[in-house]
Amino acid sequence: MRHILLILIILLLFNSCKISNNTKEYNRYTTPVDENLWVTYGKNSTSFKLWSPNAEEVVLRLFKKGNDVEAFEIYSLKKSTTGVWHIAIQGDLNGTYYTYQVKNNNKWLDETPGIYAKAVGVNGNRAMVINMESTNPIGWHNDRAPLLKQPNKAIIYELHVRDMTIHPQSGSFYPGKYLGLTEKGTTANNNVSTGIDHLKELGITHVHLLPSFDHYSIDETNLDSPQFNWGYDPNNYNVPEGSFSTDPFNAEVRIKEFKQMIKSFHDNGIGVIMDVVYNHTGRTDTSNFNLEVPGYYYRHWQDGSYSDAAACGNETASELSMMRKFMIESVTYWTKEYHIDGFRFDLMGIHDIETMNNIADAVLKLNPDALLYGEGWTAGDSPLPEEKRALKKHMQQLPKIAAFNDDLRDGLKGSVFDDQSLGFVSGAKNKQESIKFGIVGAIQHPDVNYDSVNYSNTPWTNEPWQSINYVSCHDNHTLFDKLKISRPDADVETLIAMDKLANAIVLTSQGTPFLHAGVEMLRTKNGEHNSYNLPDSINQINWNWKIEYKEVFKYYKNLIRLRKEHPAFHISNANEVREKVKFQQTNDSLVSFIIDQNVNNDNWQKILIIYNASNKKIDYKIEGVWHKAVSGSTFDFEGLQLVKDTIQVPALSMYVAFQK
């Protein structure tokens, strides 16, 4: 028995040494962080580079097409002292497809387009040499995003490219495509506006596109068969997804059409934020990263296995210099080449704080108005020490980035992980401190009792705009579905009132407001909580909702107008929020506060906001004379009616009054 134990100990020591050496091996790689690894096209020659320090050979194959045909030329690359394999091919290669292939440990790995591919053929298997200048729409060099003087002036609307125009009532000639979001004048029944005209009518300032880079899930060779996926399975990070283009077989088409979409949004005064997924890859062993430098770009546990804080099979190692280089260069490429106005980082908590701060510096240097925010959590444990993670609780160390406020989200409607859980608007007890926490943008405020906030017992932002305030997004149930499931006893009228109150709170809070596409017309997914791969019948925006719930749409439109016209609702400075936002009465079903002293140069000297979450109207005592601006569903932006002594606040509603 002692001999067996001794053998086991020796084996364990051997394996731990082996694993330790593997980890050290990655750190020993030469990392040319300043070298340009993108394909460099010229009319007379094209330069190809690939970093693979431990490769034994690397070949480049050239093809006439993005699929099917055999290579017409094969070249061996030369290795430099920095571990970069390189070759320059003479002649004009514009439109020529290519792949790399790496020989590692005496074995040829699969072909790869390379992680720095700018253009790819169908299904992203082959990259293409391209003159990017030729993909620019007319007027591209004069394209400008809307100015944004402070982040919380933005009103973000999260949409999926396909969802917005795939319904037959969308009126689009390009349903489900990038071009569907460029069309003006599209209408549904009753002549209601759809597509980009709808967004302009609603008044949002920015669209947040669910992953629109090239992902694995959709078979681009078979688009006649309906397919759907959110796209959180990255393939080629620096190329638009082909299934949203009119021709995924021709590499330049998706690029041209994506740029047309961006320009169309900009021409209509709407900024564009990209949802990016650098925290994991859609495949692991055969990902483009692993086909270049096996193992390097990922984190591993002590036994050598892939760690998986993303719950998708792997997690990337942002702290390693070449992964950090890739992330920074990728976001700056989208910013420069595609005029993207910001990024939402999926599972941002997987990335390290230093990398995220470097990204913020690089993007904001190019576009000072860019919006940067992410999910301040992980989906599982990680080898990256917790103190280095870009988590929500560390946002004060990330001063140029915002994070989603799940304290407010679940405080408003109940936990997303428990169907029956209730929130402030649906009748829960003891949620008022979570609501107040969201109102002030997760900053330190003397009126907030942090011990009673949902998940955070301390403030986590420096400034209020760092809190992305929301009640629903693509994940989990839609707002209307969540309310319906958690309150089966409530009639439709009551559910609508809860819905409106929830986003009234979001849009009159000091954080940066975020809306889920379709919430303004009571979007439903028929009770499905995870629709990432479900059909259009579940995911599409049904434009008949806009007709059926036209009063709800009108309410949201007025809420947005209220926020945009009154800068008191988007104070960017925490000290001003502490000084000018004063809470009044609060209990299980009531939160009220005053915004004072013409803050942020608002033309309303003092504003009273009351949230009544009870199912009864309340009499609210006031001092002095006030102008009534919002009561129930009625908006009076001029405040022509005066009120004094007592305000009658309708059940399940927001009331706003002001003094000039």
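No experiment lies behind these values; they were computed from the predicted model shown. Just so you know, residue 1 is the first one in the sequence shown, and it goes up from there.
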Consider only side-chain N and O atoms of [X] and [Y], and report whether a donor and an acceptor are under 3.5 Å apart.
| X | Y | answer |
| --- | --- | --- |
| E329 | W38 | yes |
| Y178 | E241 | no |
| D143 | H266 | yes |
| E315 | S382 | yes |
| S330 | Y278 | yes |

Using 30° and 60° as the class boundaries, would you call the ring planes of F289 and Y237 parallel, tilted or perpendicular?
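Geometry flag for Y237 against F289: tilted rings.
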Just to verify, which of K388, H394, E387 counts as forming a side chain to side chain contact (heavy atoms under 4.5 Å, CB included) with I353?
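Checked K388, H394, E387 against I353; only one passes side chain to side chain contact (heavy atoms under 4.5 Å, CB included): H394.
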Whether [Y] and [X] form a salt bridge (side-chain N of Lys/Arg under 4.0 Å from carboxylate O of Asp/Glu) is what I want to check.
| X | Y | value |
| --- | --- | --- |
| D352 | R389 | no |
| D406 | K392 | yes |
| D361 | K400 | yes |
| R254 | E220 | yes |
| R324 | E354 | yes |

Go through the structure and list residues passing side-chain hydrogen bond (donor to acceptor under 3.5 Å, both in side chains) with [X], not counting sequence neighbours.
| X | value |
| --- | --- |
| Y455 | D410 |
| K177 | none |
| E319 | R299 |

Pairwise salt bridge (charged side-chain N to carboxylate O under 4.0 Å, His left out) hits with a residue in residues 270-296, at least two apart: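 Those involving residues 270-296 are D275-R344.
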What residue pairs, at least two apart or across chains, pass salt bridge (charged side-chain N to carboxylate O under 4.0 Å, His left out) with a residue in residues 449-467?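 Qualifying pairs, neighbours excluded: none.
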### Task
Measure the spacing between CD1 of I468 and CG of L371 and express it to the nearest 0.5 Å.
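Answer rounded to 0.5 Å: 7.0 Å.
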F514 vs H208, ring pair (Phe, Tyr, Trp, His ring centres under 6.0 Å): CA-CA, chis, key distance, verdict = CA-CA 9 Å; F514 176 104; H208 160 149; 5.5 Å; yes
> Closest heavy-atom contact between G411 and S434?
Replying inline: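 Closest heavy-atom pair between G411 and S434: CA-CB, 4.2 Å.
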message = Are H474 and W230, when compared by the centres of their aromatic rings, separated by less than 6.0 Å?
response =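 For H474 and W230, the ring centres are under 6.0 Å apart.
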key: Pair Y296 + W51: ring centers closer than 6.0 Å   =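 So the answer is yes for these two rings.
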- prompt: Quick one: ring-ring contact (aromatic ring centres under 6.0 Å, His included) partners of W334, sequence neighbours excluded?
  reply: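 Testing W334 for ring-ring contact (aromatic ring centres under 6.0 Å, His included), a comparison that skips the adjacent residues, returns F258, Y338.
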